[in-house]
Amino acid sequence: MTNEKEIMCAMALTRVNFYNIAGLHELYEAFGSATDIIENRNNIKDTLPYCSDRIIRGLNSIDEVWPRVEAEMEFATKNKIEILSISDARYPQRMKECSDAPLILYYKGSADLNRRRVINIVGTRRCTIYGQDLIRNFVRDLKQMCPDTLIVSGLAYGVDICAHRSALENGFDTVGILAHGLDYLYPPRHRSTAVEMLKHGGLLTEFMSGTNADKRNFVSRNRIVAGISDACILVESAAKGGGLLTTGISKSYNRDVFAFPGRVGDVYSEGCNNAIRSNEAALITSAEDFVKQMCWDEDIALQKAREQGIERSLFPELNEDETKIVNALRKNNDQQINFLAINSGIAFNKINAFLFELELKGVIKSLPGGIYHLLQ
């Protein structure tokens, strides 16, 4: 867990340079922590000579935002909000892979943001009966095949709220990504669903309290919807819309993108049909289509084999350290590499070689976000 000073420094950096995330990432990579950036703010160009003057000016005014940071820390503590720094293991590791990942995320909820499988369901705010039926059927059938999936959306009208509610009805955890702070909810009509999501999912945002749901914040929100997911599913969309923005961002992050086709001529099928025709999205008509294209059905077949008592045997030539890793994963599967090193008692600088060998032997599988899964 990241220490409080590092979290506060990251919050301050975000506050003074919110609209220059790429520049912040350059600084972060150069100095290694938000704390070191602020402690060396008067000598930034000694380490990063091409750092922009705008960032330098922001760093020079860092003391002015400190009271706001302290107030937000107090607000978060009072309201049981987790503040996740990009260096925190609880931070969504898939998002961390993206060049414009927020340095700080604010989270209230119960779901693991690094779940083994994470998908987002997006589309128009004017979801038709056809779109609602697609979502309900997809989520219901996905529950039978991949019950451990985390479902993400933006808590907006239409496709978003239908996805969240269908997830809850089928026993999935679901996380809503917000375009504002956690001190209020937009739209307020979705409050009862949001409250239920806190027990079976959560609410996530990059914005401090007091931030309104301004139009530009929704575009920023969409990149988080895309970044924390393995795949993006477009249900219904007009020729232009927020769902298509999310699919575009997903493609730029090398995420898998899928779309349900619609009837030719229907306004809210045009965006999906165009995306499929231009190969911006793969066509799916069911949860089964999706699971097969994601190759998740391989894990399902293995699970069925286990239920039927057909167990694959471990390779007999595992050495002592490989066995330690396997035993650690047996106790708690799907671990990030840093936790796996601790739980197996193997030095972090040595564990990579053993993990590689175990993958070659077909004993484990690497997942997004530096997570390892035991196949046996």
Side-chain angles (χ1 to χ4, degrees), residues 1-48 51-52 54-93 95-109 112-114 175 177-184 198 202-212 214 217 220-221 223-224 227-228 336 338-339:
M1 186 178 295
T2 310
N3 65 60
E4 185 174 297
K5 182 179 180 182
E6 174 64 14
I7 289 173
M8 293 180 72
C9 286
M11 291 167 68
L13 287 175
T14 300
R15 192 70 183 174
V16 297
N17 281 295
F18 185 82
Y19 296 107
N20 192 358
I21 296 176
L24 285 183
H25 274 276
E26 284 188 329
L27 275 176
Y28 196 87
E29 290 176 8
F31 285 88
S33 73
T35 304
D36 285 344
I37 293 171
I38 291 180
E39 289 180 349
N40 292 280
R41 63 187 180 276
N42 296 321
N43 305 296
I44 290 295
K45 292 204 172 186
D46 291 345
T47 301
L48 201 66
C51 184
S52 74
R54 182 179 179 182
I55 289 181
I56 297 295
R57 288 194 298 272
L59 291 172
N60 288 337
S61 64
I62 205 87
D63 292 338
E64 297 173 16
V65 305
W66 207 255
R68 180 69 182 87
V69 169
E70 291 175 334
E72 191 67 16
M73 287 289 290
E74 184 177 346
F75 173 79
T77 301
K78 182 179 179 181
N79 291 280
K80 298 180 180 179
I81 294 168
E82 293 183 79
I83 305 178
L84 307 178
S85 164
I86 197 168
S87 61
D88 195 317
R90 298 168 300 162
Y91 185 98
Q93 297 301 304
M95 186 78 241
K96 190 175 179 179
E97 298 168 0
C98 307
S99 61
D100 54 356
L103 290 187
I104 285 290
L105 288 169
Y106 303 91
Y107 179 54
K108 187 167 185 177
D112 179 4
L113 299 174
N114 289 300
V175 170
I177 314 299
L178 307 181
H180 54 77
L182 285 169
D183 53 329
Y184 83 108
L198 294 178
L203 302 175
L204 182 71
T205 183
E206 65 178 315
F207 300 104
M208 285 187 175
S209 61
T211 306
N212 294 325
D214 296 330
N217 292 349
S220 183
R221 181 274 307 272
R223 87 183 194 285
I224 299 177
I228 72 172
Q336 294 172 346
N338 50 347
F339 290 118

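For the numbers below, each heavy atom of this structure counts, side chains included, while hydrogens, waters and symmetry mates do not.
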**OP:** Please round to the nearest 0.5 Å and tell me the distance separating atom CD1 of Ile104 and atom CE of Met208.
**Re:** 8.0 Å
Original post:
What is the distance from atom OG of Ser220 to atom CD1 of Ile21, rounded to the nearest 0.5 Å?
Top reply: 5.5 Å
**OP:** Determine whether Ile228 and Ile177 make a side-chain contact, defined as any pair of heavy atoms from C-beta on separated by less than 4.5 Å.
**Re:** yes
Original post:
Distance-only, no hydrogens or angles: does the Arg41 side chain make a donor-acceptor pair with backbone N or O of Ile56 under 3.5 Å?
Top reply: no
**OP:** Examine distances only and state if a side-chain atom of Asn217 and a backbone atom of His180 form a donor-acceptor pair shorter than 3.5 Å.
**Re:** no
Original post:
Taking atom types as modelled, is there a side-chain donor on Glu6 or Ser85 under 3.5 Å from an acceptor on the other?
Top reply: no
Subject >> Residue pair Glu70 / Met11, side-chain heavy-atom distance below 4.5 Å >> reply: no
Original post:
Any Lys/Arg nitrogen of Lys78 or Glu74 sitting under 4.0 Å from an Asp/Glu carboxylate oxygen of the other?
Top reply: no
**OP:** Examine distances only and state if a side-chain atom of Asp88 and a backbone atom of Arg90 form a donor-acceptor pair shorter than 3.5 Å.
**Re:** yes
Original post:
Is there side-chain contact between Ser209 and Leu182, with at least one heavy-atom pair below 4.5 Å?
Top reply: no
Original post:
Could you state the interatomic distance from OG1 (Thr211) to CG (Asp183), rounded to the nearest 0.5 Å?
Top reply: 7.5 Å
Original post:
Does the side chain of Pro102 come within less than 4.5 Å of Ile86's, by heavy atoms?
Top reply: no
Original post:
With a 4.5 Å heavy-atom cut-off, do Phe31 and Thr47 have their side chains touching?
Top reply: yes
Original post:
Counting only heavy atoms not in Lys5, do more than 12 sit closer than 6.0 Å to its NZ atom?
Top reply: no
Original post:
What distance do Asp100 atom CG and Leu24 atom CG have between them, rounded to the nearest 0.5 Å?
Top reply: 11.5 Å
Subject >> Gap between atom CD1 of Ile81 and atom CD1 of Ile83 - 0.5 Å precision >> reply: 7.5 Å
Original post:
Is a salt bridge present between Glu64 and Arg15, judged by a nitrogen-to-oxygen distance below 4.0 Å?
Top reply: no
Subject >> Student check: side-chain heavy atoms of Ile37 and Cys9 closer than 4.5 Å >> reply: no
**OP:** Indicate yes or no for a side-chain donor-acceptor contact from Lys108 to the backbone of Ala76 under 3.5 Å, with no hydrogens or angles considered.
**Re:** no
Original post:
Where is the tightest heavy-atom contact between Cys98 and Gly227, given as atom of each residue plus distance?
Top reply: SG-CA, 4.0 Å
Subject >> Whether Glu82 side chain and Tyr106 backbone form a donor-acceptor pair below 3.5 Å >> reply: no
**OP:** May I ask you to test the Tyr28-Ser87 pair for a side-chain heavy-atom distance under 4.5 Å?
**Re:** yes
**OP:** Grab the two heavy atoms, one from Ala89 and one from Asn114, that are nearest each other, plus how far apart they are.
**Re:** O-ND2, 3.4 Å
**OP:** Would you name the heavy atoms of Ala34 and Ala10 that are closest together and state the gap between them?
**Re:** CB-N, 3.5 Å
Subject >> Any donor-acceptor N/O pair, Gln93 side chain to Tyr91 backbone, under 3.5 Å >> reply: yes
Original post:
Hey, is the main chain of Met73 close enough, under 3.5 Å, to the side chain of Thr77 for a donor-acceptor pair?
Top reply: yes
Subject >> Separation between CG of Leu178 and CZ of Phe207, rounded to the nearest 0.5 Å >> reply: 9.5 Å
**OP:** Decide yes or no for Leu203 and Val175: does some side-chain heavy atom of the first lie under 4.5 Å from some side-chain heavy atom of the second?
**Re:** no
